[in-house]
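Encoded as structure tokens, the structure appears first; notes follow it.
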Amino acid sequence: MTAATVMAGAGTGTRIRLDRISIRYGDFTAVDDLTLAIEPGEILALLGASGCGKTTTLKAVAGLQRIDDGEIRFGERRVDGLAPHRRNVGMVFQSYALFPHMTVTENVRFGLAMHGVPRHRHGERIRRVLDMLHIAALADSYPDQISGGQQQRVALARTLVVEPLVLLLDEPLSALDRQLRDVMRTEIRNVVKQTGITSLLVTHDQEEALTVADRVAVMRAGRIEQVGSAREIYEAPRTRYVADFIGRMNYLPGRVLDQGGGVCRVETAAGVIVAPAVPGLGAGQPVEAGFRPEVVRVDDAGAPRGDRNRVEARLVGETFAGVTTEYRFRTAGEVEIRALGQSDARFGAGADRRSCLEWPVSRTLVFAAGA
Amino acid sequence: MTAATVMAGAGTGTRIRLDRISIRYGDFTAVDDLTLAIEPGEILALLGASGCGKTTTLKAVAGLQRIDDGEIRFGERRVDGLAPHRRNVGMVFQSYALFPHMTVTENVRFGLAMHGVPRHRHGERIRRVLDMLHIAALADSYPDQISGGQQQRVALARTLVVEPLVLLLDEPLSALDRQLRDVMRTEIRNVVKQTGITSLLVTHDQEEALTVADRVAVMRAGRIEQVGSAREIYEAPRTRYVADFIGRMNYLPGRVLDQGGGVCRVETAAGVIVAPAVPGLGAGQPVEAGFRPEVVRVDDAGAPRGDRNRVEARLVGETFAGVTTEYRFRTAGEVEIRALGQSDARFGAGADRRSCLEWPVSRTLVFAAGA
Amino acid sequence: MMLRLAAWLVLGLLALPVVTIVVTSFNATSSFAFPPEQWSLRWYRNVFDTPVFGSGLVMSLWLAAASSMIGLVAGTMTALAVVRYRFVGRGLVLSLVMAPLVVPEVVIGLSLLIWLQSVRWLSGNGAILLLHCLVVLPFVVRILVANLQRTDVNLEHAAMLLGANPVQAFVRVTLPTIAKGLAGALVFALVMSFHNFTATFFLVSTQQTLPVAIFQYIRTEHDPTIAALSTLLMVGAMVIVWVTDRLLGLERVTK
Amino acid sequence: GGAEAQQKIVLQSWGGTWGDAMKEAWFEPFEKETGIQVELRPQGSMMDALAKLVAQKDRMDVDLWITGMTPTALADEAGILETIPRGKLTNAEHLPDALIGDKYVGVWNTIYGVAYNKETVPFPITKWSDLLDERLAGQVGIPHATGYGGKFILLLGWLGGGDVDNIDPAFEVAAQLKPNIGIISKSDPEAIKFLTSGEVDVAAMMPPGNFVQIREAGPQFEFVAPEPFVPANFNNFALLKGPNTEAAVKFIDFAISKQAQEELARRVLVIPANTQAAIPEELAPFAPPPERLRYPDEVAITKVLPDWAERWDRVIQGR
Amino acid sequence: MTLDQALPGPAGDTVRRRPGRRPNPVPYLLVLPALLLVAGLVGALLVLSLRSLEGAQGQVPSLAQYARIATSPHYLDHFTHSAWLAGAATLAAAVLGYPVAYYMERVGRPMRRAIMAFLAVVFFSDYVLRMFGLILVLGKTGIVNRLLVWSGAVDRPLSLMYNDFGVFVGLVSASLPFMILAINGVLARLDPRLPEAAALLGASPPRVFWHVTLPLSVPGIVSGGIIVFLLSLNSFVTPALLGGGFVEMVATFIYEQAINLFNLPLGAAAAMILFFVSMVLLVGVNGLFDRMGRRFGVREEGR
Ligand SMILES: Nc1ncnc2c1ncn2[C@@H]1O[C@H](COP(=O)(O)OP(=O)(O)OP(=O)(O)O)[C@@H](O)[C@H]1O
Ligand SMILES: Nc1ncnc2c1ncn2[C@@H]1O[C@H](COP(=O)(O)OP(=O)(O)OP(=O)(O)O)[C@@H](O)[C@H]1O
Ligand SMILES: [Mg+2]
Ligand SMILES: [Mg+2]
């Protein structure tokens with residue numbers, strides 16, 4: 001592939017397949033029989049708690065970490081076993097890892113030189129990528145002379161200029177402060193999409209995953225817990241871990257009463273909660289009924305309806321949080337329920353007065369307790 | 001004040017007054033003629049970009065940093081000039097600064113010993129505060145044996161046990177990860193409120209400020225830019241800096257057409273925008289009309305109304321962000337407008353179709369350009 | 001592969017003299033035959049039968065102890081000032097305190113010897129003590145400066161805010177936290193003083209330090225007694241290293 | 001009485017064989033006789049001792065010093081010497097005039113010959129010029145430039161037909177000698193070590209006193225006082241501005257008495273300074289007839305020694 | 001341990017002094033004892049410099065001694081020869097030391113610590129004794145010669161010692177620990193991501209080393225080099241024990257003049273020269289590094 005194709009974003013990315021790979025440090029398994037496919041030109045976010053194996057996975061793709069089992073393919077080509085400098089993988093490190101003894105230009109040129117690109121074509125390509133990332137002005141500064149955000153861009157430029165088959169980003173934004181992070185998120189997404197390189201983004205910031213990536217893979221203790229679009233994962237998390245990791249959730253502990261007619265009824269201290277049926281849950285089994293704060297409404301007037309759950313609770317606190325305001329309720333059995341209302345729309349609940357909370361059955365989830 | 005009063009939260013806090021204080025490092029002015037009052041028992045958050053002088057201010061209150069001008073009073077008593085160990089100020093550091101060579105208990109006891117509390121009363125008070133923060137179980141562990149959140153609690157316990165007049169918190173949560181931060185926020189607020197100690201909380205995390213504090217003071221380059229309740233500051237930011245620092249905002253650059261009848265009309269590339277009048281803005285003056293993403297609605301049907309602004313734009317992008325979904329529009333003149341809609345409620349806008357965006361005049365702000 | 005080979009070769013070269021010394025020290029004859037025909041411990045006995053070593057050891061230990069103590073106190077105070085305060089002349093003070101490290105030992109030795117002629121109030125041994133204080137000072141300061149910089153200033157601040165006056169804060173919080181550093185600095189000082197030769201050589205008259213005694217012995221005698229002595233001292237060095245590792249962590253010190 | 005018993009003088013001199021000899025021959029009898037203790041302060045080399053003595057100029061704790069004429073002259077310049085009250089020395093009359101002056105009293109004469117290893121040296125050495133024999137390439141140990149106050153340089157000068165005031169021949173000879181030089185020793189004991197440890201096979205300029213020690217290392221070692229003549233010089237007492245001068249003078253007088261002189265000479269194979277005292281027969285095999293002895297003018301050398309040293313090093317050093 | 005590490009970074013964040021305010025006496029009281037000690041050295045150096053200004057017979061102050069040294073090629077030899085030996089030793093130490101320092105970073109922690117410990121033991125053991133060890137190895141009756149003779153490679157033992165070679169070996173073996181530790185110190189602090197990043201940009205291991213690792217370890221080589229060079233330049237024990245009187249270096253020359261010839265003024269002058277040479281070298285190298293350190297990844301001192 002040539003500069004033209006990549007820079008023009010012909011989007012001819014490569015499919016990446018991780019097939020049942022395992023990586024062990026001594027007898028500790030950091031990556032455990034993990035399988036994952038990234039579509040050509042797609043940006044996939046690898047989301048997970050600290051220590052769950054994200055970086056290790058990334059390193060395996062880059063070839064910086066040999067794998068103990070399984071195989072890795074770029075397109076049809078099998079690459080595990082290939083030395084890093086033969087894989088043509090681009091990686092942006094959390095610490096950027098810019099060469100401190102080289103100017104921005106030299107940092108960017110390095111890859112070209114190593115790839116044996118004829119010298120006379122360097123200038124052109126370097127200029128193009130520096131412009132693309134709005135850092136042409138910094139060409140002659142050294143890494144320690146420029147800000148974090150700028151270093152970020154240089155790191156990106158250095159990686160993109162060699163037109164890698166695959167782009168790996170390990171928490172590229174975690175070192176920046178909020179305002180800057182917002183800007184860079186969209187920026188990174190745009191640039192990467194423009195070049196059409198298949199990318200794998202590691203982060204433990206849910207918002208980052210949601211805004212930058214096309215799909216999200218939630219990782220836990222070396223395994224993939226769930227893969228899907230941001231919306232799927234947010235609205236239909238398969239486990240409590242996933243549910244908690246992305247967004248907040250209310251839980252009502254209880255026991256399964258019965259399942260049938262496509263619904264699962266759960267007995268809780270706050271009353272019976274109805275949810276879409278969950279295969280494999282037997283009556284009497286201890287479970288937790290979960291629902292997102294923002295789906296909760298106050299409705300004292302309205303009559304009970306089959307497609308909505310309804311519990312009594314009293315308002316115990318309220319916190320203004322900008323766009324939304326959070327209301328904290330307590331149900332019978334002192335379970336706390338949080339409800340999110342848009343700050344401007346007033347949320348019909350008076351302090352300490354009993355009121356009825358309700359939310360759609362369709363947005364209710366049931367998890368086997370302690371899953 | 002006695003243990004009883006504080007722990008029982010009699011809320012007999014002290015008023016803190018910073019009166020026109022200035023602090024210089026060499027010829028660099030870190031705090032510049034700053035005046036600030038904190039009401040008894042109030043928690044005030046000092047919010048500001050990195051390097052704006054928050055920690056310096058805190059140190060001044062604690063007596064760890066001499067002030068060059070102005071005065072500091074606790075109640076009626078003037079305290080600047082007093083040595084730190086004479087001020088009876090409690091401070092929780094970003095790094096917690098637990099004594100590594102002492103167990104949790106010893107850390108907590110230290111203050112009591114230094115304050116000459118008779119030994120036989122230590123046990124009782126230490127137990128009480130450890131219970132209050134749910135760390136009684138850790139009494140005999142050393143700081144490096146417990147988690148960040150727990151260290152957090154110990155630091156708080158160590159400070160509270162001596163019943164300081166004033167409590168200072170310097171980014172107490174920045175070292176914790178998201179989930180834990182959520183928990184500690186409410187926890188800290190509860191505990192502090194319980195003891196009723198006047199508190200000053202430094203942070204650069206807006207959410208933290210909003211959720212923990214009663215009032216927020218936004219600081220910029222050594223000065224207070226605006227003080228007020230979270231809501232005031234969010235809905236009526238006095239400057240662009242404040243507006244950007246808390247929440248996000250859309251801006252339409254333009255010029256003042258005229259002011260009168262309590263409204264200010266601004267000519268922009270996207271049309272004329274109306275906002276509540278702003279004293280001191282002359283016709284023709286370059287300004288920016290700002291409004292929050294979440295107040296924007298799509299309304300193609302509805303007729304123009306006097307109390308709402310209305311611009312044409314086309315949808316260029318949409319990002320699911322959990323609770324809310326962000327829609328990016330472009331108006332005539334290629335200004336980007338972001339709109340926030342709740343993810344479940346569908347936001348009536350088709351991709352690339354021209355549609356009408358509208359938002360309340362009352363929620364529109366006008367800032368002199370470059371303020 | 002090549003790398004490993006080269007590395008071990010060099011290390012081998014470094015080790016060769018050490019090994020030779022140790023082996024030789026058990027040689028029964030004074031012939032230095034290698035490897036020895038018969039083995040014995042006679043040279044070890046000889047070490048203890050040679051009075052200059054005994055007196056030298058005493059002298060060296062005394063010097064090391066005294067100079068380390070003085071150096072430790074002065075050095076700690078300096079390190080504190082340098083790390084916790086910024087004051088006019090801070091840089092100058094630092095370079096002055098570090099000076100003994102960069103002034104050639106011969107120069108220090110000779111200058112002190114000459115200086116000695118013109119001061120009445122300082123005895124020969126006094127001068128040697130002063131010399132050794134100067135030798136240990138830079139090491140103490142450097143180790144403690146590093147140590148203090150690693151300790152969080154806020155520890156002291158926290159202590160003061162909890163009602164401790166500056167002295168209490170230092171004694172009850174700062175000292176304990178740099179305790180290991182102090183101990184490490186002490187060990188280092190002891191070693192540096194104990195092994196100082198060149199400068200000392202200019203000043204010792206009749207009461208020799210151990211290294212000087214060894215130097216003279218090497219020059220004048222030709223038997224494995226020294227080998228035995230070195231073996232003993234090497235065991236000492238190992239203990240020192242072990243202790244230092246405990247206190248400071250080798251990686252830290254050696255860097 | 002008590003006061004007497006307390007009295008003690010400090011004597012700076014060589015340790016080792018010399019020290020032991022002095023203890024038996026002098027200190028013990030002297031203490032018996034006068035009740036004055038004598039403490040020996042061993043010295044590495046005379047010049048080293050000089051530097052340290054001058055350094056403690058104003059708090060001198062040494063009373064007496066056995067050294068050579070060169071250091072004596074320098075020490076006197078540095079002003080650390082007392083004049084020795086000749087009147088108080090009952091045995092002074094038995095010393096040749098050359099051996100006694102205001103600041104020095106001769107204590108013994110020593111000669112310098114050659115010690116070598118019979119087994120490794122292919123021929124018996126009889127004359128100084130044998131040292132130039134190419135069969136000894138790299139096998140000759142010599143003293144350094146200022147060793148023995150530069151007398152080795154003078155010796156070569158003499159051999160080349162020169163003298164103190166015409167030293168040039170010395171360096172011509174030195175140039176011829178250079179290929180044979182295996183090591184340059186900084187002190188007697190060092191010279192002994194190099195010979196006995198096989199570092200060199202020949203030790204030029206070796207006092208017979210040291211040969212006593214060498215012989216213990218094995219029978220293969222031989223000592224000769226080569227043709228045509230043998231350099232000799234004397235060592236002397238110098239009286240320092242120490243705390244205890246009278247006692248020190250007493251000791252000098254005792255040390256140069258016939259009895260004490262013979263006692264010591266036997267032990268370290270030197271020629272007594274006291275003309276009454278007999279030359280020890282152990283020395284006889286080595287000692288040449290008096291006419292073959294040559295005494296250099298050391299004070300004269302002192303003045304020129306630095307220049308000699310520089311020229312010497314220029315010839316000898318570097319390889 | 002390197003000289004630049006001898007001087008710590010910027011002070012902790014408590015700034016106690018500000019214009020228009022009486023300087024805080026505390027720091028000055030704290031540094032007093034140390035300064036008193038150092039005053040001894042400074043005083044001594046002053047006396048030394050005075051002494052070096054004495055004429056031959058020591059009357060009116062003059063530069064006579066310096067003139068003598070400057071005009072005597074033989075005297076100057078001592079300086080040039082020392083410099084030459086020191087330079088060679090430094091070079092050798094760097095060349096021999098680098099592989100070890102680099103190897104230590106590639107092996108596992110236990111091995112690394114083992115080597116570290118060994119070096120520390122060598123470092124903590126007596127300098128004089130290490131030279132003695134070399135005598136046993138290189139002497140006419142030393143193991144090397146014994147091996148050579150025994151193997152029949154030579155018929156008479158070689159002179160491996162008591163000449164420039166002996167001194168050179170002595171200097172190198174004394175320098176190696178310093179050099180290794182200095183270089184390793186830098187390599188250990190090197191961000192492991194840098195080589196990885198280079199590899200991902202297509203650099204083969206040799207090129208990674210050449211373009212990234214080596215340039216970034218230059219500071220270590222330099223700081224190690226300067227200290228090793230100075231130690232060698234000033235070394236006294238090594239030439240005294242391994243030089244056999246043939247190899248006069250500056251230090252031994254000073255001793256010879258000041259002690260054996262009791263020519264204090266000349267010795268003092270030589271010492272002063274050595275002192276200034278050392279200082280100039282130090283300052284010079286540091287200055288050079290301040291200017292071009294960036295090329296080797298040395299960060300500018302932030303305010
Ligand atoms: N070199 C190593 N040797 C032993 N264990 C290791 C090594 N590197 C990582 N681990 C362990 O493997 C697990 C995964 O590490 P990894 O760095 O991939 O986590 P991560 O998901 O990147 O965490 P973070 O979000 O904090 O970066 C962690 O438990 C870590 O302790
Ligand atoms: N000891 C000091 N000497 C000189 N300048 C200092 C010192 N301490 C702080 N400053 C400067 O004073 C300004 C304010 O510092 P301060 O630590 O109060 O900022 P901050 O608001 O706490 O920032 P952050 O949010 O990063 O903690 C900064 O520009 C900083 O560079
Ligand atoms: Mg990671
Ligand atoms: Mg701060």
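Lettering of chains follows the sequences in order, A, B, ..., and the numbering in each one begins at 1.
With a threshold of 4.5 angstrom between heavy atoms, A:Ala113 approaches chain E through N, CA, C or O but not through any side-chain atom. Contact annotation for E:Leu200: both backbone and side-chain heavy atoms come within less than 4.5 Å of a heavy atom of chain A. Only the side chain of A:Glu106 comes within contact range of chain E, with heavy atoms under 4.5 Å apart. Using a 4.5 Å cut-off between heavy atoms, A:Phe93 touches chain E through its side chain atoms alone.
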query = Is there a side chain to side chain contact (heavy atoms under 4.5 Å, CB included) between A:Met91 and E:Glu196 once you walk through the steps?
reply = CA-CA 9 Å; A:Met91 181 158 175; E:Glu196 291 180 358; over 6 Å; no

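Listed in order of number, the residues of residues 79-86 of chain A that approach chain E to under 4.5 Å between heavy atoms are A:Pro84, A:His85.
Going from atom CG of A:Leu112 over to atom CG of E:Leu201 covers 9.0 Å, rounded to the nearest 0.5 Å.
Across E:Pro215, E:Ser204, E:Pro192, the residue that shares the most heavy-atom pairs under 4.5 angstrom with chain A is E:Ser204. With respect to chain E, the highest number of heavy-atom pairs below 4.5 Å among A:Thr103, A:Val92, A:Val89, A:Leu98 belongs to A:Val89. Per-residue heavy-atom pair counts under 4.5 Å with chain E were compared for A:Arg87, A:His115, A:Met114, and the maximum is reached by A:Met114.
Taking each heavy atom of E:His211 and A:His101 in turn, the nearest pair found is O-NE2, 3.0 Å. Of all heavy-atom pairs spanning E:Leu194 and A:Ala97, the tightest one is CD2-O, 3.4 Å.
Crowding of A:Arg77 atom CZ: a count of heavy atoms from other residues, nucleotides or ligands under 6.0 Å not exceeding 12. Within 6.0 Å of atom CD in A:Glu124, more than 12 heavy atoms from other residues, nucleotides or ligands are found, so the atom counts as buried in its surroundings.
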